[in-house]
2 protein chains.
Amino acid sequence: MQAYWHEGPTEVSINALCARSGVSKPSLYRAFGGEDGLTRAALTAYSQQVLAEVLAILDAPDGFDAALEGLVHYASESPLSDPGCLFVKMRAARERFGPQTQDLIDALGEGAIAAYVAFLDAARARGEWAGRVPTDLAARYLAAQIEAALARRAAGVPPDEVRAVLSLALSVLTAPDR
Amino acid sequence: MQAYWHEGPTEVSINALCARSGVSKPSLYRAFGGEDGLTRAALTAYSQQVLAEVLAILDAPDGFDAALEGLVHYASESPLSDPGCLFVKMRAARERFGPQTQDLIDALGEGAIAAYVAFLDAARARGEWAGRVPTDLAARYLAAQIEAALARRAAGVPPDEVRAVLSLALSVLTAPDR
DNA sequence: TCACTTTCGTACCACTTGGTACGTAATCTG
DNA sequence: CAGATTACGTACCAAGTGGTACGAAAGTGA
């Protein structure tokens, strides 16, 4: 019911969306109750689809380095992030959305940080990661680098370059002396 | 004559800009010839003001590490980048602008890369930087990290966190084994 | 079959967007 | 001071924005 919204990320208007999807405007308003509810519902659906994949990467049984490599691959080369991550785009344009959507954006951002913290804590406990960087900073660093890579990807930077830069950035966490 | 444009970064309309600055719309159109010329002129003025500062940081006589430290300070704590770097914001919304402005955005981006390459080459020649990372990749990495830091700054992330993340990212270049 | 409720979409609302036609006022030239 | 020219701004334009009033169609009960 909300899949057709994904075609238009942030720049599509409600008028164009209705015309393109063949749904009348009042129907859309009855279903979502305004633009804020619509954007919130779209981001909810997207996050449920995507967060699961990221969490699956983090929970991969191949160890810390393999998980990081999976993140690099996902952010830089996955076709799913070809048109750009909806969450990243919406976070960049946070001010344009209504309060409900802004709250959801913030909550998803904090949830991502929490997931990274859990991932790093688990890796440290398993002895797969002996970094000297504090876990909290490493989590925020991870989130910032992934987000930047997805943003660069959406801006049209070639996947190879995105991968090289992201890989170099994450080497801070894997280098043996850090 | 264009200073009042800086108050409104990307989200301000021409109508609001004219109303706020007391300039009639036809006058503005006669001076700049449309929105594309206006945004281009604004970005030109901004770049002349800002690029000089960045180049001065890169040319600082205190050596490679000090220059990097200067970049970190500039991107994360400088009050000039408090409302966010206009170039970064406009580059993120590149598609919204006219062809002239898009060309200028691209040219400024390539110019920044070239400046970083020159900076790294000079540091390598002086023996202040012995990194194993290829110069071209290091330059793009530098540009990506600075841009990401400025974007995070504009998004409301506290300067301390921006600084910590950026400093950690740039440690890839200063670490003795890389 | 009839009355009632509920869903649905046409056609509108006020408002903002970028952009301009044209009359007026100021300035320059003689 | 008169005449030509230039700069200026009111008041408009079509198109698009998010949002809704209201009549018609469809379903539901007896």
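Every chain is numbered from 1, with letters handed out A, B, ... down the list of sequences. Everything numeric here is computed off the predicted structure, so don't read it as measured data. Worth knowing before you read on, the calculation uses all heavy atoms, side chains too, and leaves out hydrogens, waters and symmetry mates.
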If you find the nucleotide of DNA chain C closest to B:Asp36 and the one closest to B:Arg30, which residue's nucleotide is nearer the 5' end?
B:Asp36
If you only use heavy atoms from C-beta on, which nucleotide in D:dG9, C:dT17, D:dG18 is closest to the side chain of B:Ser27?
D:dG9
Nearest to side-chain heavy atoms of A:Tyr29, which nucleotide of D:dG9, C:dG18, D:dG19
D:dG19
Can you see if the side chain of A:Asn15 gets near the phosphate of D:dG16 - specifically, an N or O under 4.0 Å from OP1 or OP2?
no
Among C:dG9, D:dG19, C:dG19, which nucleotide sits nearest the side chain of A:Pro26?
C:dG9
Rounded to the nearest angstrom, tell me the gap between atom CG in B:Leu17 and atom P in C:dG19.
13 Å
Separation of atom CG in B:Leu28 from atom P in D:dA7, rounded to whole Å
16 Å
Decide, yes or no, whether a salt bridge links B:Arg40 with B:Asp103 under the criterion of side-chain N to carboxylate O below 4.0 Å.
no
For C:dT17, does OP1 or OP2 lie under 4.0 Å from any side-chain N or O of B:Ser13?
yes
Distance in angstrom units between B:Arg96 CZ and D:dG16 C1', rounded
14 Å
Rounded to the nearest Å, what distance is computed from the CG atom of residue B:Leu38 to the P atom of nucleotide C:dT20?
14 Å
Using the side-chain heavy atoms of A:Glu35, tell me which of these nucleotides is nearest: C:dG19, D:dT10, D:dG18.
D:dG18
Hey, is the main chain of A:Trp129 close enough, under 3.5 Å, to the side chain of A:Arg124 for a donor-acceptor pair?
no
Can you find a heavy atom in the side chain of B:Thr101 that is under 4.5 Å from one in the side chain of B:Glu35?
no
Rounded to whole angstrom units, what separation is found between the CD1 atom of A:Ile14 and the P atom of D:dA15?
22 Å
Do the side chains of A:Arg152 and B:Glu147 get close enough for a salt bridge, i.e. N-O under 4.0 angstrom?
no
Taking for B:Lys25 and for A:Lys25 the nucleotide of DNA chain D with the nearest heavy atom, the one nearer the 5' end belongs to B:Lys25
